[in-house]
Number of protein chains: 2
Amino acid sequence: MSTTLKDIAKKTGFSVSTISRVLHDNSKKYKISEETQTKVQQTAKDLGYRLNTLARGLRMQKTYEIGLIVPDIANPFFSAVCKNLAGELRKGGYNFIVYDTDKDLSIERSAIKKVLEKRVDGLIIASVGQEFSHIQKIRDANIPLVMIDRCSDSVDVDSVSVDNVKGSMFAMNYLIKEGHTRIAFIQGTPGSYANETRLQGYKLALHDTGIAVDKHLIVGNDFRAMNGYLETKHLLKLANPPTAIFTAGNIIALGALDACKKAGVRVPQDISLVTFDDPVFTPYLSPPLTAVEQPIKKLSEMAVAILYRRMKNHHGMRKTLLLEPKLNIRSSVARISTRKNIIHSTKIEKN
Amino acid sequence: MSTTLKDIAKKTGFSVSTISRVLHDNSKKYKISEETQTKVQQTAKDLGYRLNTLARGLRMQKTYEIGLIVPDIANPFFSAVCKNLAGELRKGGYNFIVYDTDKDLSIERSAIKKVLEKRVDGLIIASVGQEFSHIQKIRDANIPLVMIDRCSDSVDVDSVSVDNVKGSMFAMNYLIKEGHTRIAFIQGTPGSYANETRLQGYKLALHDTGIAVDKHLIVGNDFRAMNGYLETKHLLKLANPPTAIFTAGNIIALGALDACKKAGVRVPQDISLVTFDDPVFTPYLSPPLTAVEQPIKKLSEMAVAILYRRMKNHHGMRKTLLLEPKLNIRSSVARISTRKNIIHSTKIEKN
DNA sequence: GACAATTGTGCAAACGATTGCATTATGGAT
DNA sequence: ATCCATAATGCAATCGTTTGCACAATTGTC
């Protein structure tokens, strides 16, 4: 259908080899005459020649493609990661194929299969699960691979992720410093990497400062807004409600905020709110939310750097990177005093 | 490196043809014996055979890949489109390659080149610009193509987009119905398809109801938050400020909201706010914003449907679809009365 | 017992590029 | 005149599949 080297060869009278060399080799190496070069290039343009990367990839055993597998591309965190990775990879002359697994492990498996069938040169994957045997297999097949946004000691693969534990501790320590001791945690999906590590940080911070963990203050079960809404409502009705809420993800925080407003509870005067994750709209909420920001740009850069390294050296030592998050302090936390706490409680009863 | 059909052939004693047929043909057609099938399948599994789509694509002249080109994947609208398209395409057995052009026409051009070199079976493109000659060329080369999120009579390509003009009119008519006559429009990037069509709807609605267009009320120059912030500040300082603001995009609205809050101007009591585009966080802002929602799911479904149609029939009639947006009424618009307007004005002076 | 139909499998030519190894022509050195 | 280096190009194998055609063996039909 489309023009091939052969067509150009026929038209110019040169051999396919010569055409190939002129068009892709920069042709210095083979000392093609100027005259031939211009002639070939001209006819290539005339005929609208377009490289066939399938043929090249097959012959060269290299595709210049990187596979990217993410649980949910509509999640601002992942779409930002996507964008940064794209830019970073472009610099190195690589393109990438994205797969959205919709947080489904079976789709993830089939995505991996597909992407390997495409003979990508490398793979970046933010796995959904806690189960990594299928990923280990890729590594065992010597396909360059880096995991992002989660790491596990149970697999021997390169990884770069954000230190969720530390992030939680930043948030919690700040709340504690401001005088809070009754701090609720609204979870995301239990069992997910993000949730478990963030929960761990929550507990650790409490433990470090000698505050007992109150199981009634750990609530919730997924990363959606409705979860934040319902659990906040529930928390506000407790006999002894928390003075602060820490949510495992930003969408949860949206729901929490909504619940507070509907209950006539003011943030931060009546209750404080901090959240993990910090997408573009957080500063524009009312009030602007204090949030744990993940270093997305750095994460992407590192992921690509580690991937390149692995593509050069299949058998190097495993590399795991844990990046430091950052607490962005805005206006959703109040310094606490006992009196405020009481006012707060009465307010609740009213509703 | 990896196992090929040949390897399996060698191991089982059958020919490459037989292996191929068993593994991909469902082999009914060629009446391969049960015995052979199981034997082949077993060794394929043992050897960890993985299809090489490069070779297959080369031979079959079909890749089962669709290229997707978007201006900014981190934009919630496009990442949602992405996700919906992915799901839709998966149903048909297609994968897709995404390119983020970063709103840069030259990157767009090179992305198109790259994606065609990959011999995708089709192309979905949300072009950045108003200039479509490069896109027309693809169509001329008989590559199935559908444009999304913008359409133009100047190119002869299939397209599906949201009726921005109508969307703007929905928003404006609502504001007008609520008694507003001084309505400002904060633009996005002038010259962009999204902006011009939304602006057109703004003007049209005013015109239809006999309200004169006041040029001082059309302000702004890009889709970012800072633009919304600065322009709102400016609008509030006018001698005769608007009673309502309509923003061309949601991020602009975030900035506008922020400016109002900082100026002590309440929404909607002191000024009303409506915006185009309606991502997940809009209902959780304070106040929940009345916004024009784009039918993203429908858009994606239609885009894929039209693409499939075009892949089957290269020479059919051009098809352009214009989908209807929807106004989600929340709490950012107040019914206006002259008295309120005066109170409002005094409030402004105070700041 | 002759012939046709069916069953099960293999041969070999594509698909479009890359590249090591010729090959030819030319000029210079001896 | 002989030999060698160099310049400019061509040959042909290869990458891993798919698939039209051929072919042998078996079964069925009259």
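Proteins get letters first, then strands, A, B, ... in listed order; numbering begins at 1 in each. Worth knowing before you read on, the calculation uses all heavy atoms, side chains too, and leaves out hydrogens, waters and symmetry mates.
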Engineer: Name all residues meeting the side-chain contact (heavy atoms from CB on, under 4.5 Å) criterion together with A:Lys103; count only those two or more places apart in sequence or in a different chain, and write none if there are none.
Structural biologist: A:Pro71, A:Asp72, A:Val128
Engineer: Please list, chain by chain and in numerical order, all residues satisfying side-chain contact (heavy atoms from CB on, under 4.5 Å) with A:Ser133, sequence neighbours excluded.
Structural biologist: A:Glu131
Engineer: A:Asp7 has an atom CG; how far is it from atom C1' of C:dG16, in whole Å?
Structural biologist: 10 Å
Engineer: Measuring to OP1 and OP2 of C:dG8, would you say a side-chain N or O of B:Gln37 lies under 4.0 angstrom away?
Structural biologist: no
Engineer: Using whole Å, report how far CG of B:Leu51 lies from P of D:dC15.
Structural biologist: 17 Å
Engineer: Once side-chain contact (heavy atoms from CB on, under 4.5 Å) is applied, do any residues pair with B:Thr43, and if so which ones, sequence neighbours excluded?
Structural biologist: B:Ile8, B:Lys11, B:Thr12
Engineer: Treat primed atoms plus P, OP1 and OP2 as sugar-phosphate and everything else as base, then score nucleotides 5-12 of chain D 5' to 3': B for base contact with protein heavy atoms under 4.0 Å, S for sugar-phosphate contact only, - for none.
Structural biologist: --SSBBBB
Engineer: Identify all pairs in which a protein N or O lies below 3.5 Å from an N or O of nucleotides 23-26 of chain D, and state each distance.
Structural biologist:
none

Engineer: Using a 4.0 Å heavy-atom cut-off, does B:Arg50 contact any base of the nucleic acid, only the sugar-phosphate backbone, or nothing at all?
Structural biologist: sugar-phosphate
Engineer: Starting at atom CD of A:Glu117, determine the distance to atom P of D:dT17, rounded to an integer number of angstrom.
Structural biologist: 10 Å
Engineer: Would you mind reporting whether B:Ile97 and B:Ile66 have side-chain heavy atoms less than 4.5 Å apart?
Structural biologist: no
Engineer: Filter on side-chain hydrogen bond (donor to acceptor under 3.5 Å, both in side chains), then keep only pairs touching residues 136-147 of chain B, sequence neighbours left out; what's left?
Structural biologist: B:Gln136-B:Asp140
Engineer: Just the rounded figure in Å: distance from C1' of C:dA17 to CZ of B:Arg56.
Structural biologist: 20 Å
Engineer: Test: side-chain hydrogen bond (donor to acceptor under 3.5 Å, both in side chains). Region: residues 303-313 of chain A. Which pairs qualify, not counting sequence neighbours?
Structural biologist: A:Asp158-A:Arg310
Engineer: Any side-chain N or O of B:Gln61 under 4.0 Å from OP1/OP2 of C:dA14?
Structural biologist: no
Engineer: Would you check if the side chain of B:Asp100 reaches a backbone N or O of B:Ile73 as a donor-acceptor pair within less than 3.5 Å?
Structural biologist: yes
Engineer: List in chain and number order the residues that pass salt bridge (charged side-chain N to carboxylate O under 4.0 Å, His left out) with B:Glu117, two or more places apart in sequence or in another chain; answer none if no residue qualifies.
Structural biologist: none
Engineer: Return the value, rounded to whole Å, for the distance between atom CD of B:Glu34 and atom C1' of C:dT9.
Structural biologist: 16 Å
Engineer: Rounding to an integer number of Å, can you tell me how far B:Leu23 CG sits from D:dT17 P?
Structural biologist: 9 Å
Engineer: Specify the separation, in whole Å, of atom CG of A:Leu5 and atom P of C:dT19.
Structural biologist: 12 Å
Engineer: Rounded to whole Å, please give me the gap between CG in A:Leu58 and C1' in D:dC15.
Structural biologist: 4 Å
Engineer: My understanding is that only residues two or more places apart in sequence, or in another chain, count here; which of them pass salt bridge (charged side-chain N to carboxylate O under 4.0 Å, His left out) with B:Lys10?
Structural biologist: none
